[in-house]
Amino acid sequence: MSKAVYTEGGSAADASRRVLGPVLDTMLRLLHPLVPFVTEKLWTTLTDGESVVIASWPQDSGFRNPAAEPEVAQLRYFATEVRRFRSEQRVRTAPVPAELALTETLTEHELAIRRLLRLEPTTIDFRPTAGKVPSTPSRSPSTAD
């Protein structure tokens, strides 16, 4: 989701950068015992530091945002379901038109969701095909007995 924020630029991109920098720093420190060569190269390139080996082990900041947790859970669930649907239906990964029915919480993230999942806004002649049940011939109730 940060990619969409960076593209827009401005104060939101600056705020995202201030958050993602320390997150990446912490992740490199935590991953170093598992993938030392990759993390060492990334660490020295990104931080100009001497070595991640001599960096202190990260401490828990204690920061939690209970209000954001359900929102992030909804975003993850929505993205997972769209990706699952595309995979099951063999929908190409190129951008496709989609009409989104988003919850109030997700509506404010529509642009980021569309970019993340490669969904384009619909046009006037758009006709949805997903989720429709094929029509079956109606049968009249049996009159036997």
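All figures in this text were calculated on a predicted structure; none of them were measured in a lab.
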Handout entry: Main-chain N/O of Ala98 paired with Arg114 side-chain donor or acceptor, under 3.5 Å
Key = yes
Practice task
Give the minimum heavy-atom separation between Pro70 and Ala67, together with the two atoms involved.
Solution key: CD-O, 3.4 Å
Handout entry: Distance (rounded to the nearest 0.5 Å) between Gln74 CD and Glu104 CD
Key = 10.0 Å
Exercise for the section: Report the distance from atom OG1 of Thr26 to atom CH2 of Trp57, rounding to the nearest 0.5 Å. Expected result: 10.5 Å
Practice task
Would you check if the side chain of Thr44 reaches a backbone N or O of Glu40 as a donor-acceptor pair within less than 3.5 Å?
Solution key: yes
Exercise for the section: Give a yes or no on whether Glu50 atom CD has more than 12 heavy-atom contacts from other residues, nucleotides or ligands under 6.0 Å away. Expected result: no
Fill in the blank from the handout: For Pro121 and Pro97, the nearest pair of non-hydrogen atoms, with its separation, is O-CB, 4.2 Å
Exercise for the section: Decide, yes or no, whether a salt bridge links Asp25 with Arg29 under the criterion of side-chain N to carboxylate O below 4.0 Å. Expected result: yes
Exercise for the section: Answer yes or no: is there a side-chain heavy-atom contact under 4.5 Å between Thr103 and Phe78? Expected result: no
Completion exercise
Test side chain to side chain contact (heavy atoms under 4.5 Å, CB included), reference Thr39, set Val53, Leu31, Leu30, output is Leu31
Handout entry: Contact summary for Thr122 and Glu99, nearest pair of heavy atoms
Key = CG2-N, 3.5 Å
Practice task
Let me see the working for Leu116 and Arg83 under side-chain contact (heavy atoms from CB on, under 4.5 Å), right down to the final yes or no.
Solution key: CA-CA 11 Å; Leu116 177 69; Arg83 288 176 175 147; 3.8 Å; yes
Exercise for the section: State the CD-CG distance between Glu110 and Leu119, to the nearest 0.5 angstrom. Expected result: 9.5 Å
Problem - Contact summary for Leu28 and Val52, nearest pair of heavy atoms - result: O-CG2, 4.3 Å
Exercise for the section: State plainly whether one hydrophobic cluster holds both Tyr77 and Val72, where clusters connect Ile, Leu, Val, Met, Phe, Trp and Tyr through side-chain heavy atoms under 4.5 angstrom apart. Expected result: no
Practice task
Run through Arg84, Arg90, Arg86 and flag the one making a salt bridge (charged side-chain N to carboxylate O under 4.0 Å, His left out) with Glu88.
Solution key: Arg84
Practice task
Check the hydrophobic clustering (I, L, V, M, F, W, Y; side-chain heavy atoms under 4.5 Å; chains of links allowed) and say if Met27 and Val38 are grouped together.
Solution key: no
Practice task
State, with a plain yes or no, whether a side-chain heavy atom of Glu71 is found less than 4.5 Å away from one of Glu108.
Solution key: yes
Problem - Leu111 and Arg115, any side-chain heavy atoms less than 4.5 Å apart - result: yes
Exercise for the section: Over all heavy atoms of both residues, which pair between Ser51 and Trp43 is shortest? Give the atoms and the distance, please. Expected result: C-NE1, 3.3 Å
Exercise for the section: Provide the closest heavy-atom pair for Leu102 versus Leu106 in the form atom of the first, atom of the second, distance. Expected result: CD1-O, 3.9 Å
